[in-house]
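Single-structure report; data block below.
Chain letters run A, B, ... following the sequence lines, proteins first and then strands; every chain starts at 1. All figures in this text were calculated on a predicted structure; none of them were measured in a lab. FYI, side chains are in, hydrogens and waters are out, and symmetry mates aren't considered; it's all heavy atoms of this structure.
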Amino acid sequence: MTTTETNKPTEMAKAYDSSTVEQRIYEMWERGGYFKPRVDPDKKPFTIIQPPPNVTGELHLGHALTSTIEDILIRWHRMKGDPTLWMPGLDHAAISTQNVVERELAKEGISRHDLGREKFLERVWEWVNKYRHVITDQHKRLGVSADWDRIVFTLDPQVTKAVRTTFLNLYNDGLIYRGERLINWCPKDGTALSDLEVKHEEVAGHLWYLRYPVLKDGSESEVEPGEFFVVATTRPETMVADTAVAINPASERWLKYRGRRVLLPIVDRPIPVIEDEAVDVAFGTGALKITPGHDFNDFEIGQRHGLPVLNGMTLDGHLSEVAGPYEGVERFAARAAIVSQLGREGLLEKVEDYTTSIGHCDRCNTIVEPLISTQWFVKMEPLAKEAIRVVRRNQIRIVPDRFYATYFQWMENIRDWCISRQIWWGHRIPVWYCADGHMFAAIEDPTTCAECGSTAIEQDEDTLDTWFSSQLWPHVTLGWPDKTKDLEYFYPTSVMETGYDIIFFWVARMIMIGLYNTGEIPFEWVYLHGMVLNKDGKKMSKSKGTGVDPLPVIDKYGADALRFVLAAGGGPGNDMRLSDQKLEGGRNFANKLWNIARYVISTAANSPPSPGAERASRSQSRLGDSGGELGDAGGRLQSRSARGELALEDRWILSRATQVAGEADHFLSQFLINEAAQRVRNFVWDEFADWYVEMSKVRLREGDQSPIPVLREVLDTSLRLLHPFMPFVTEEIWQNGGAASGATEPLIVAEWPTIESGKVDEEAEAIVEIAIEIVRSIRNTRAEKGVEPGRWVEAHIQPRPAEDWIALRSGLVGRQIDMEAALQKLAPVMSYLARVKPLHLLAPGEAPPTGEVVTSVLSGAIVTLPVGGLFDVEAERARIAKQVAEAEDELSRLKSKLGDANFRVKAPKEIVAHEEARLASVQSRLEGLRGQLDQLG
RNA sequence: GGGCGAUUAGCUCAGUUGGUUAGAGCACCUCGCUUACACCGAGGGGGUCAAAGGUUCGAGUCCUUUAUCGCCCACCA
C-alpha cells in the first residue's frame, strides 16, 4: 500500500529536485519495514556488518563511500531475493570521544580530573546521547538501508559482556598478560598507545654531538682532562636517563675507552661504556648513548647488558626527578636548555641538520614518547597463526587481491598488542586487585577476591583500546556470547567492506578474534575500498579538519548524485578524488533519468491504451516466461509478430537492455561496482535516451502506440538496474508510474533483472546498429557541409553485402538477412533522425546518383547525399582518398597478420576466422571506395 | 631499509581472464532553445597508454630495469 497506484502519474517536475523527494522516499521505506531481512531458513543470507562510525559525529565523504558501496551490495542482494541483513553500529571511539568532551570542558575552564571519573563519564554519556542520532541521520540522508532497529553501540551491555568474556578467556589462556614494557605514550592524551596508533612522520631536526667526559679509573667524579666520549643524538633531553654508552667491538676509534666509565653531564652520573654489535660504526660518531627508558633499540640493548632503566620523563611530557636541575621542565624546552648548557660547558661538539622519522599520536598528532610503563598486552602470535591459515586456504578472500600481501606481511611479523589505555571512556579492564596482592579477571563485577575472599578489592583503573571491542563486531552484533538464532543464521557474515586504511586496526583483528571466539571465520569476503581525496588529491582527515561533510553535498547535488559519483568514480581499492565537476555530472544523470521517465510516463498516459500494447507489455514483463515461446532462430520473427508486432528497434533495445542487465549483475558479483555503474549509465543515456527514445517518436507521431510498452519496459528495467546506485530518484519515478505494470511493491524490493536469453536478439542489434551508423554518417555530412539543421535533404542508401558484417558477428554466422527489407522497415526512423526526405532505398545493382554528391561507404551501406551547390570535387576527392588510405592501411595490416604462418597456427581459430572476416569486409569496402573515387574522375 | 599503488586525451579516471582502429565524464571547437531534458541535443578535434628492454602469432594488459609522485610497514641513534 506504500506504492503506487502505479499508473496514475502525478505531474512530474521539469527537473529532478532531490530535496523534495529524498526524505519522503526514505520514510516510506522505513515505514514499510523493507530494511529488515526477510528470513528464509532455506536461503543463504547476505549479511554486511557496518563498520561502526565513531560517535564523535563527524561523518565525512569516506563514510559516504563506505555506506554507498555497502548499500549498493545490500540493495542488489535484497532485489535478488536474498535474505539480506545490514547490521548498523556505533563505536564509542575511546580516545577520540574523550578528547572531544575534554575540549568541551576546556572551554568551561575545567579538566576531567576536576570532575572525577564518575562525573566525567556522565558528561561523555550526555554528549554521546546528544550526538549519536546525528550519525544515524546522516546515514539516512545517504539512503543507507540498514536495519536500524538492530543498531548496536560498542558500550551496550551485550558488548560489555562479550568484551569481558573475551578478556577472561584470553586471560585464562595466557594470551593476555600484564607487564612493564616500553610503550608508546601520548603525553597530551595521557595514555599508552598501540603501535598502530603511532604514525611515523619525517621531521626536519638536528643531530647533536654530545661530549661525555671520560672518568678516571675508579673515580666517581674525576674526569680525564680533555678526554671525551662523543655520541650523536636526535633527542638530547633524553640523556638524563642514559644508563650507558655503547661502542661496537669492531670500532677502532673508541676501543681505548672499553671497560671505562664516562660522567653523564648535567646530572653528573657515572655510566659504563659497553660493547654491542648493534652499534653502527658508520653512523654519527660510531658510538651510541643508551637510554633504555626512552628508546626501543636502547631498551633491547639494555636488556642484553642488564642495564638499569631510568624514567626521565613524567606522564605529561616533563622531565622527571632523574633530570636533576631540569626536573619539571617541559621536554622540548628542556631539550633547548640542555643543549644550551652543554654548549656553554664546551660539551657540544657540533650540530648537524638531520631529518628523522618521529612517531605522532594518531588521534591528536602529539609527538609520542617511548616510556616505560606497566600495561596490559595481548599475545598475538598464536591468534595470528590461525588467521593466516584461513586466508591462505581461501576461506576468506580479499578484494582487491593486492592486499593479501599486506595482510600476510603484517600478520607474519605481528607484535603484541598493548590494549590498556589510561583514559576513562571505554570498557574498563575487567581485572580486580585485592589488598593482599591477588589479581583476577571476571565477567560479572565481583564483590570478593576470587583467590582469598577479601572484600577489599579494586578494579583496574584503565580502559581497553577501542579496537578491543570493535574486533568482536561481526559476532557480538549478532548476539555472541549467547547462542542466538541470529548468530546461527547470519554468521559467518558475507562481506566485510571497509577502507584499506584499517586492515590492521580492524579487519585483521576481527579475523583473529572471530576465530578465537567462535571457531569460525567472521566473514567470507573482505572488500577494501580506497580513500576519498579532496580535489587536490589530499586525504581527508578528521584530526586535521579536512574532512568534507556529506550533508551540504547532498543538499546541493542530491544523495543519488553523490552516490553515483562515489560508485562509478574509481576502481576497487583505488583512491578517488571528488570534485564539484563530478558531482554535477552525477546530478545531471539523475536529471536525465528523470526526464526519460517523464517522457515515457507522460507519453503512456496521454495515449489511449490499446489491447495489443498491453499484451506486449505483459509478455515482455520479466515476470512472464517469455523465453519459451521464442524458439529457435528460424521461428523468431514469426513468434515475435505473434507477440504484438515488435519493430526492429524494439527488439534492439530490449535485447540491449537484457544484455546490460547481465553485464551489471556479472560486474557486481565481481565487486566491480564502478564497471556496473558505468555500463548501466551508458546504456540508459547513450542507447535508451539518445537513440531508442528518439526512434520511438517516429511511430508515436503517426499515432502508432506500439513503442509504449517497450518504452515502459526498458524504463522499468533501467530503474531496477540503477536502483542500488541511485535509490531515491529511481524509487520516486517508480512510484510515479515508472514500473512497467502490475507493480504492487516498491522498487526497493522489486526483482533484480538478469539476462534473459530469449530476449537477446543479435540480428536486431546488428541491423539497428547499421541504421544508426547510417544516421550518424548523414548527420556528419550535413554538419560538414553546413546544411541547416531544419532542412530536409535527399539521400540514397544502398545496402552492402550482408555477408561482410554477418561474418563479423559470431551469433549471426550462417544467417540469411534481407537487408533491403530490414532497412525499408527502418526507413522512417532513419528519415526522421537524419532529417532526410526523400530517402531512396536502392535495390541491389541499382546505381546511386553521381555528380554533385557526397558518398560514404559504411560497413553496412553506401550512403549518397546529393549536395548540389555545396559540392566541392576537390574536398570530396580528398575525403574519399583519406578513407581509401585508411582502408588500405587496415588491409595491409590484416594481410600481413593473416600471412603470418605463426599467427594461423598459434592463434585460436575464432580469432583467425574473425580476422579473415575483417579482411573480406575491408576489401569489399575498399572496392566501394575506389569506385567512388573513379566516378569523381 | 622493505612492500604496495599510480603514471592512459587539456583535467579526473575506466579499461573485467593479453585478441578489431584504446574508452568515458568534464573541458575545448562548430551548430541547434525540434512539444522528456540547455542539469539538453547533433557533429568534431584531441592519446607514440611514463621510459627502455623482454616474453608472445599478438602487449595499455604479463616479466625485468629505470624515472617521477603517493601510500603502508620497519627500532638505525
Side-chain angles (χ1 to χ4, degrees), chain A residues 12 14-16 195 200 207 231-235 246 278-280 283-285 287-291 295-301 354 356-357 370 400 402-403 405-406 409-410 413 500-501 503-504 530-531 535 537 539 557 561 565 568-571 573-579 581-582 584-603 663 666-667 670 672 674-675 678 681-682 686 689-690 693-694 697 776 779-784 786 788-790 808 833 835 886 889-890 893-894 897 900-908 910-912 914-915 917-918:
Chain A
M12 288 172 77
K14 193 170 176 184
Y16 174 62
D195 296 338
H200 292 271
L207 193 58
V231 292
T233 179
T234 54
R235 301 198 305 149
V279 181
D280 183 350
F283 188 88
T285 62
L288 189 60
K289 69 194 263 303
I290 304 296
T291 322
D295 185 282
F296 289 94
N297 258 327
D298 293 2
F299 183 80
E300 277 182 27
I301 295 175
Y354 190 71
T356 186
S357 169
R402 64 172 180 270
F403 290 110
T406 313
Q409 196 274 338
W410 189 73
N413 298 288
Y500 65 68
D501 55 333
I503 182 168
F504 307 136
M531 301 295 109
K535 197 168 157 291
K539 187 172 167 180
Y557 298 102
V565 171
N574 290 352
D575 293 349
M576 180 195 321
R577 298 190 199 193
L578 208 63
S579 64
Q581 283 184 342
K582 290 184 184 181
E584 272 175 31
R587 180 202 58 191
N588 293 354
F589 180 48
N591 186 246
K592 185 73 188 182
L593 181 67
W594 179 258
N595 274 289
I596 294 167
R598 214 157 69 93
Y599 166 77
V600 173
I601 292 165
S602 70
T603 304
E663 288 168 20
H666 169 75
F667 285 128
Q670 307 276 313
L672 294 168
N674 58 323
E675 285 295 312
Q678 285 171 23
R681 190 207 106 104
N682 291 343
D686 302 343
D690 286 349
V693 162
E694 294 307 313
K697 291 174 182 173
R776 282 218 171 98
R779 283 171 173 173
N780 179 338
T781 305
R782 294 176 58 119
E784 241 174 54
E788 298 84 353
L808 289 169
L833 294 179
R835 280 195 108 63
E886 282 166 2
D889 276 357
E890 196 180 348
R893 263 200 310 276
L894 288 165
K897 197 173 194 179
D900 183 345
N902 267 327
F903 174 71
R904 288 188 169 278
V905 173
K906 293 187 179 168
E910 313 88 70
I911 300 285
V912 177
H914 193 257
E915 297 298 297
R918 278 183 62 205

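- Base pairing analysis places B/G43 opposite B/C29; the two distances defining the Watson-Crick or G-U wobble pair are each below 3.5 Å.
- Regarding contacts with the backbone of B/A14, a side-chain N or O of A/Asn574 is found under 4.0 angstrom from either OP1 or OP2.
- For A/Gln409 and B/A74, a side-chain-to-base donor-acceptor distance below 3.5 Å is absent, hydrogens and geometry of angles not being considered.
- With hydrogens and angles ignored, no donor-acceptor pair closer than 3.5 Å exists between the side chain of A/Arg577 and the base of B/U12.
- Pair assignment for B/U12 gives B/A24, based on Watson-Crick or G-U wobble hydrogen-bonding distances that are each under 3.5 Å.
- Contact annotation: A/Lys14 reaches the phosphate of B/A38 (side-chain N/O to OP1 or OP2, under 4.0 Å).
- Regarding A/Ile911, its CD1 atom lies at a distance of 14 Å from the P atom of B/A59, rounded to whole Å.
- OP1 or OP2 of B/G41 sits under 4.0 Å from a side-chain N or O of A/Lys592.
- Partner assigned to B/G58 is none, using Watson-Crick or G-U wobble distances below 3.5 angstrom.
- Listed pair A/Thr356 / B/C76 fails the phosphate criterion, with no side-chain N or O lying under 4.0 Å from OP1 or OP2.
- In the model, A/Tyr500 has no side-chain atom that pairs as donor or acceptor with a side-chain atom of A/Asn574 under 3.5 Å.
- Rounding to whole angstrom units, CZ of residue A/Arg402 and P of B/C71 are separated by 15 Å.
- Base pairing annotation: B/C69 forms a Watson-Crick or G-U wobble pair with B/G5, both donor-acceptor distances under 3.5 Å.
- Residue A/Arg587 places none of its side-chain N or O atoms closer than 4.0 Å to OP1 or OP2 of B/C39.
- Within 3.5 Å, no donor on the side chain of A/Asn902 pairs with an acceptor on the base of B/C57, nor the reverse.
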